[in-house]
**Student:** 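Encoded as structure tokens, here's the structure I'll be asking about.
Start at 1 with the first residue, then count along the sequence.
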Amino acid sequence: MEQELHRNNFFLKTIYSKYVIASILSMLAASMGGMIDTVIVGRYLGETGLSAMSLVSPVSLFYYTIGAVIGMGGSIAANLSIGKGDYDGYRKLFTLSFWLLVLVSIVTTVLALLLFEPLLSLLGGTGTVKAYTEDYLYWYIIGGSGTLFIYLPLNFLKIEGKPQASSMLFLLSGALNVLLTWLFMSPLFQMGMKGASIATGLSMTITALLGFYLMFNRTKNTRLVKNCFNWKQLGEIVICGSPNGCNNLLNALKILMINAVILRIGAEAYLPVFSLIKSVSDLLTGVIIGAASALMPIVGVFLGEMDNESIRGVCRRALQTGAILTLIFSACIALFPDLLCFLFNITEAAAKQGSQSALLCLSVSFLFAFPNLMFSGYFNTIRRSMLSNLILVLRLCLYLGPAVLLLGSYIGINGIWLGLAVADFAAFLTILAVIYRLRRRVPSLDFYLLDTSGEGEGEISFSVKNTLESVMFASNKITDFCESSEIAPKLTMRVSLALEEMLTVIITYCMERKKEQFIDIRIKKIGEHVLLRIRNSGKIFDPLRFYEENRDNEEMMDCLLGIKMIAGTADKIEFHETFGTNNLLIQF
């Protein structure tokens, strides 16, 4: 038997693995769907079709921007509400996000249709690509509402502990987009660029409707409530969503800028190469954002609970996972440029040759884009949105603009691709310098910019193996912590008894005894009160509900007595399914 209480990473590993697999599959599905969609257009309409898609892509990123600000911003703010136990605030944030999307959907569609011709000219949809660009843009605007609304179910289902459902929606959206694009552009329908655009809007709309059905019928907390409007909550949504919106908006400006530089230096033949670069970049970005977005619901809840140790643990795992995946995908892209040119039907000699150096520069840039995007997502979740936005502005605007303009003007088309790597490298060095300066200014901040000044005082975190021997050891050993934290003897006895009784019931009815598992415990002294939080990843088991359902069963009175005693002496006892796992909070 171990002689000290300590914490392992069993619970964090379990929940992060659950979220990261679903998140990466989701982003890969979306990216692959868009990539295959682009391949189909290239196959049917050649390089002119790819050029039209590249010109219209800023509009799609504008819709992604609005959806991200409201959908992702609302979900990030809602994470903190769950960490604080404020489920009423959570439902109000969901409702406010929903009605904001309704309003924005109406306004954007009407304005875009009224200003269609000026918008077409701004995108550069003239000359030989005008007809294709016009068709693609018009029908994309018509189906834009589906793109906006899909962000709510994709993000709020994760909060409800259903990342797999969110992942399935991504897969469905990508599969429908590919299937419908192929069908509408095939000889059967012969709808051309119009068919590709309609397929995108229709697939998004169908997926969004299914997502809302799942939220309203398969979750406990995503409900529309009255009196949801609140200026403070509106501000929280905008602030939390600003980095995601900023990322999409700056990507749209990035595409406009690179398209303009390509045309300026007389390299129109390389527009299809940029379309290839954009699709492959979206694929790699999807992998990184998948690893980063898995952090958001987890870190958000831990932030509300002021559990810095758990935040650091899950961040370390995310960095390791993201780094390995980025290296693998970057290497594949650098090694197989000819295969990608074949898939996208890029046949001109100059374009094929240019794609090799372009893909090499892209793979190098992502070695630095990975930490930049991870930092950006993390800082946004811990309420450092300004720092998150700074990273995005540096890599997508302030560093990228001059790099592309200068290198493109002096080196030519290869200078544009090289500018991608230069911008991400410079942004990475800058953010490290900013972190260093912040920590020098505030010594209590750690590398993750978490305040450690009050950390460890009057609190302890540890893991208990699913055996009765480990439970008894932890129950006895916890008295040492209570004494050192100056917790009254009577309160110490209550905490020790609650730990012993609840863990015994959980191990008996919630976990597989033959399989080694661990339960995470956190005890924190708050004034004259003590909080006891018990988490485990076994099957969903609510001790309070279990007691109510069996209180009249005389054969079970022995195992129910402990729950009854704890419920009678505790100031508060609550059970929630956080991350889709068991989360029991007891306050004495």
**Student:** Would you confirm whether Arg383, through its side chain, and Thr381, through its main-chain N or O, come within 3.5 Å as a donor-acceptor pair?
**Tutor:** yes
**Student:** Hey, mind stepping through Phe116 and Leu119 against side chain to side chain contact (heavy atoms under 4.5 Å, CB included) and telling me if it holds?
**Tutor:** CA-CA 5 Å; Phe116 183 80; Leu119 179 59; 5.6 Å; no
**Student:** So does Asp446 pair up with Arg312, basic N to acidic O under 4.0 Å?
**Tutor:** yes
**Student:** Go through the steps to decide whether Leu148 and Thr108 satisfy the test side chain to side chain contact (heavy atoms under 4.5 Å, CB included), and finish with yes or no.
**Tutor:** CA-CA 10 Å; Leu148 291 175; Thr108 53; 4.2 Å; yes
**Student:** If you draw a 6.0 Å radius around CE in Met168, do more than 12 non-hydrogen atoms from other residues or ligands fall strictly inside?
**Tutor:** no
**Student:** Checking side-chain contact (heavy atoms from CB on, under 4.5 Å) against Thr207, which of Leu202, Asn177, Leu176 comes through?
**Tutor:** Leu176
**Student:** Hey, is OH on Tyr213 packed in by over 12 heavy atoms from elsewhere, all under 6.0 Å?
**Tutor:** no
**Student:** Quick check: closest heavy atoms across Gly538 and Asn536, and the distance to 0.1 Å?
**Tutor:** N-OD1, 2.9 Å
**Student:** Determine whether Leu100 and Leu234 make a side-chain contact, defined as any pair of heavy atoms from C-beta on separated by less than 4.5 Å.
**Tutor:** yes
**Student:** Just wondering, do Leu499 and Val464 contact through their side chains at under 4.5 Å, heavy atoms?
**Tutor:** no
**Student:** Can you name the nearest heavy-atom pair linking Tyr90 to Ala78, along with the distance?
**Tutor:** CD1-CB, 3.4 Å
**Student:** Indicate the atoms forming the closest heavy-atom contact of Gly527 with Lys525, along with that distance.
**Tutor:** O-CE, 3.2 Å
**Student:** Taking Tyr16 for its side chain and Ile298 for its backbone only, find out whether a donor-acceptor pair lies under 3.5 Å.
**Tutor:** no
**Student:** For a quick test of reading the model, state the closest non-hydrogen atom pair linking Gly71 to Tyr151 and the distance between them.
**Tutor:** CA-CB, 4.1 Å
**Student:** Is the Phe546 ring parallel, tilted or perpendicular to the Tyr509 ring (thresholds 30°, 60°)?
**Tutor:** tilted
**Student:** Quick check for you: to the nearest 0.5 Å, what is the distance between Ile198 atom CD1 and Trp139 atom CH2?
**Tutor:** 4.5 Å
**Student:** Working to the nearest 0.5 Å, report the span between CE of Met511 and CG of Leu503.
**Tutor:** 9.5 Å
**Student:** Backbone N or O of Ser145 within a donor-acceptor pair of the Ser105 side chain at under 3.5 Å?
**Tutor:** no
**Student:** For residues Asn582 and Ile519, determine if any side-chain heavy atom of one lies less than 4.5 Å from a side-chain heavy atom of the other.
**Tutor:** no
**Student:** Please test Trp99 against Val102 for side chain to side chain contact (heavy atoms under 4.5 Å, CB included), starting from the C-alpha separation and ending with a verdict.
**Tutor:** CA-CA 5 Å; Trp99 289 115; Val102 171; 4.0 Å; yes
**Student:** Can you tell me how far the CD1 atom of Ile540 sits from the CZ atom of Arg545, to the nearest 0.5 Å?
**Tutor:** 11.0 Å
**Student:** Minimum heavy-atom separation for Met215 and Pro153, please, with both atom names.
**Tutor:** SD-CA, 3.6 Å
**Student:** Step by step, would you call Phe370 with Leu325 a side chain to side chain contact (heavy atoms under 4.5 Å, CB included)?
**Tutor:** CA-CA 10 Å; Phe370 154 67; Leu325 291 173; over 6 Å; no
**Student:** What distance do Phe94 atom CZ and Ser81 atom OG have between them, rounded to the nearest 0.5 Å?
**Tutor:** 14.0 Å
**Student:** Is it true that, when you exclude Phe62 itself, more than 12 heavy atoms of the residues, nucleotides or ligands shown sit nearer than 6.0 Å to its CZ?
**Tutor:** no
**Student:** Taking Asp451's backbone N and O only, do any of them form a donor-acceptor pair with Asn308's side chain (distance below 3.5 Å, no angle check)?
**Tutor:** yes
**Student:** Can you find a pair of side-chain heavy atoms, one from Met53 and one from Met193, that are under 4.5 Å apart?
**Tutor:** yes
**Student:** Do Asn380 and Met72 have side chains that approach each other closer than 4.5 Å (heavy atoms only, starting at C-beta)?
**Tutor:** no
**Student:** Determine the minimum heavy-atom distance between Ile563 and Met502, stating which atoms define it.
**Tutor:** CG2-CE, 4.2 Å
**Student:** Donor-acceptor check, side chain of Ser197 to backbone of Tyr140, threshold 3.5 angstrom: yes or no?
**Tutor:** yes
**Student:** Report yes if the side chains of Phe379 and Asn389 come closer than 4.5 Å at any heavy-atom pair, otherwise no.
**Tutor:** no
**Student:** Using modelled atom types and a 3.5 Å cut-off, is there a donor and acceptor pairing between side-chain atoms of Ser388 and backbone atoms of Ser376?
**Tutor:** yes
**Student:** Taking Ser166 for the side chain and Leu157 for the main chain, is one N or O donor matched with an acceptor at less than 3.5 Å?
**Tutor:** no
**Student:** Can you measure from CE (Met191) to CG (Asp135) and round to the nearest 0.5 angstrom?
**Tutor:** 9.5 Å
**Student:** For the pair Thr109 (side chain) and Ile106 (backbone), establish whether a donor and an acceptor sit closer than 3.5 Å, ignoring hydrogens and angles.
**Tutor:** no
**Student:** Determine yes or no for a side-chain-to-main-chain donor-acceptor pair under 3.5 angstrom, with Ser310 supplying the side chain and Phe302 the backbone.
**Tutor:** no
**Student:** Nearest 0.5 Å, what's the SG-CZ distance between Cys315 and Phe375?
**Tutor:** 9.5 Å
**Student:** Are any of the side-chain heavy atoms of Tyr138 and Leu113 separated by less than 4.5 Å?
**Tutor:** yes
**Student:** May I ask you to decide if Lys92's main-chain N or O and Arg223's side chain share a donor-acceptor pair within less than 3.5 Å?
**Tutor:** no
**Student:** Less than 4.5 Å apart, any side-chain heavy atom of Asp307 and any of Glu309?
**Tutor:** yes
